[in-house]
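Heads up: the structure comes next, in structure tokens.
Remember, it's 1-based here, ligands and their atoms both numbered in the order they're listed. In this chain, residues are counted from 1 in sequence order.
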Amino acid sequence: MRAQALRPALDRFRLAAAVLVMCIHTGPLSGLSPGWDFWLTRVLARTAVPFFLMVTGHFLAQSGWKNTERFLKKTAFTYLAAVALYLPLNLYNGGYGPLEWAKKLLADGTLYHLWYFPAVLLGVVIARGLSRLGAPAAFAIAGGLYLIGLGGDSYWGLVSKLPGPAAFYEAAFTLSSYTRNGLFFAPLFLLLGAAGHRWSKRASLAGAALSLAAMTGEGFLLRGLGWQRHDSMYLTLPLCMAFLFSLLLGLNGGEDRRARRLSLWVYLLHPWMIVLVRGGAKVVKQSELLVDHSLGHFSAVLVLTFAAALALDALRPLRPAPTARAWKEIDLDALRHNAKVLQARLDPGCELMAVVKADGYGHGAVRVARCLQKSGIRAFAVACAAEGIALRRAGVRGLILILGYTPPEEIPLLRRWRLTQAVADEAHGAALDAAGRPIRVHLAIDTGMRRLGVPAEDTAALARLYGMKNLKTGGVFSHLCVSDEPGQSAKEHTQGQLTRFYRAVDWLRDQGYDPGDVHIQASGGILHLPPQPCAYARAGIALYGVGSGGAADAVEAGLRPVLSLRARVACVRRLRPGEAAGYGLAFRAERDTLLAVLSIGYADGLPRALAQNGGRVLLHGRSCPMAGRMCMDQLLVDVTGAPGVRAGDTATLIGQDGALTIRAEEAARRCGTITNELLSRLGGRLGQTIG
Ligand SMILES: *Cc1c(COP(=O)(O)O)cnc(C)c1O
């Protein structure tokens, strides 16, 4: 019962908070009652910005502060856009000198309400740093900063009489006009919001009302004493906010993205609307009602601001959510974890080269490479020039090795994007050399797979390749073809490959040719061989946390699957015994049956054979069999054993739901293939989320 009463309270309160900020700037009650106006704009409305800071801290901390950088970038962008939006007003007001601009941009904001942006940017950086010290230390420091801030704000009358502190604050004010800023004000509220999801007890309405009453008392007391230099910070404000936030968290369920967007628009736009109302009132000769009458003025600004916010929100390009139909969920934590696990199995001098061909085995090459680059990986491998270029365009640095064939006419591209080409054989090397421009290459050596590479014994060919002046050889590598197969003969073959490889490398060194960075292991080699004396190990499938064939190796090594595949339930229907469903009526109900139709099909890259080979999906934490033949865009599932399934529910085709997991290896085995094929074929129509 209680669960159904929950609403997206945090997101909706953002709208109320934005209106409170508007109150601060319009003083709706100023013409009616100075006392009530003080309470509304100097006490109650002072909860608005701390609330924004707390939701920010709350959401950043929920994901372990992992999205901090993205948040900072996005907020900085919004800030600059807002500065540009208000530039005309700035210039109209007379503008500033360069030093003044620097101070405004970095601390004060450039107009009215924009101070919030530099404050939240600096505050988030500080709060994230503090949070690493553990909660007690973090709160002690942030609380201390807040207390210092109080002195320059509501308690100015107290400290300004003390010469030492007064001098300190005067100095601080030359850098930032208020202590209500990113250093003294924001960190405490960000940390309070961040702590919110750990609070087990929820505050009551009475508690929140009492704390607000305390803050009201403090506000009026300070007003009576005439101590306030500025009135944004109260001793009781953090307490009041903790109660309010806890109360909202207790009511909160789900999200309301529209309320989020509208509240940002309202916050950003309302000062402009104040200007427009003032100007417009003059034009229509209604200044008395729309400007001089405080409530009339506030109402006009409110209506105009919401109209503008709604209109701008309606102009937003509409895109389907990635989770509208069927989607891949990528767990970047698992990816980082796997990279660490694999790296730990290598020689200290040997680095992981992340193989991200075929769109990162279906995981999104750019996302995977960016994530791994951040965690220190400096070498990547792809199948073709186009894949390498996509990585460079996305800002991937370091070595990008093209493992597959590139024709000589593409050499300008290789040079332009600093890609390193694998030389497939002597003829390929000669053709690349003949193109007449130097390029970076790694020589492929065939040690027994008989795919690409110069035969390891053909030292004459190796010597000729080293003689080609346009080939700048930075490495020599080979590929193992049975390193993950069981059995003695596979072991012997792998041993033979290794022997031939190192013999060729030694021969090159003996002849004075520099083999550069040598590498031979792929996932199978990393998991099954002892550390090798190489510069790189090329990890593909293991990086994604699964085994090619079975799951045993990946599980034993402690790897975690990175990809989950999910789809929405489109509808649920009931079949009576004997009724049949789907193409060819291939499913026949033997009892009263509930069929769910999932919005995913073979055109999404799921093998069609899976449905008839015992494929299963997870729904409501239960395992349900696929039914009949898979369609191009739909899939039938027998959900008789999972009551309560409804349209819109999420089904899991690969991944975890409750206590159950379906592994990619299992689905691949049912279709007689390997995970590499299953995952790399997952189609472009699928949405993608970061889980
Ligand atoms: C695909 C590929 C790899 C990666 O193989 P995994 O088994 O997925 O680790 C490594 N080297 C070469 C030459 C490849 O073609």
Item checked: With sequence neighbours excluded, residues passing side-chain contact (heavy atoms from CB on, under 4.5 Å) with Q612 -> R629

Next item on the list: Tell me whether the guanidinium CZ or amine NZ of R260 lies under 6.0 angstrom from the six-membered ring centre of F59 and within 45° of its axis.
Entry: yes

Taking [atom] as the reference point, the nearest protein heavy atom with its distance:
{"atom": "atom 9 (O) of ligand 1", "value": "S523 OG, 2.4 Å"}
{"atom": "atom 12 (C) of ligand 1", "value": "H479 CE1, 3.5 Å"}
{"atom": "atom 10 (C) of ligand 1", "value": "R538 NE, 3.4 Å"}

Relative to the heavy atoms of [X], which atoms of ligand 1 are at a distance of less than 4.0 Å?
{"X": "Y361", "answer": "1 (C), 4 (C), 5 (O), 6 (P), 8 (O)"}
{"X": "K357", "answer": "1 (C), 2 (C), 3 (C), 14 (C), 15 (O)"}
{"X": "V355", "answer": "4 (C)"}
{"X": "L403", "answer": "12 (C), 13 (C), 14 (C), 15 (O)"}

Next item on the list: Give yes if a backbone or side-chain nitrogen or oxygen of G540 is under 3.5 Å from a nitrogen or oxygen of ligand 1, and no if not.
Entry: yes

Margin query: If you measure every N or O of A542 against every N or O of ligand 1, does any of those distances drop under 3.5 Å?
Written below: no

Margin query: Donor-acceptor pair, distance only, cut-off 3.5 Å: does the side chain of R415 make one with the backbone of P438?
Written below: yes

Check: Taking atom types as modelled, is there a side-chain donor on H620 or D649 under 3.5 Å from an acceptor on the other?
Finding: yes

Next item on the list: Check whether the side chains of T652 and R566 place a donor and an acceptor atom closer than 3.5 Å, and report yes or no.
Entry: yes

Notebook entry, point to check: Where on R451 is there a heavy atom closer than 4.0 Å to ligand 1, on the side chain, on the backbone, on both, or on neither?
Noted result: side chain

Next item on the list: Please work out whether the ring planes of F477 and H519 are parallel, tilted or perpendicular, with thresholds of 30° and 60°.
Entry: parallel

Margin query: So, taking the atom named OG1 in T650 and the one named CH2 in W327, what distance separates them when rounded to the nearest 0.5 Å?
Written below: 3.5 Å

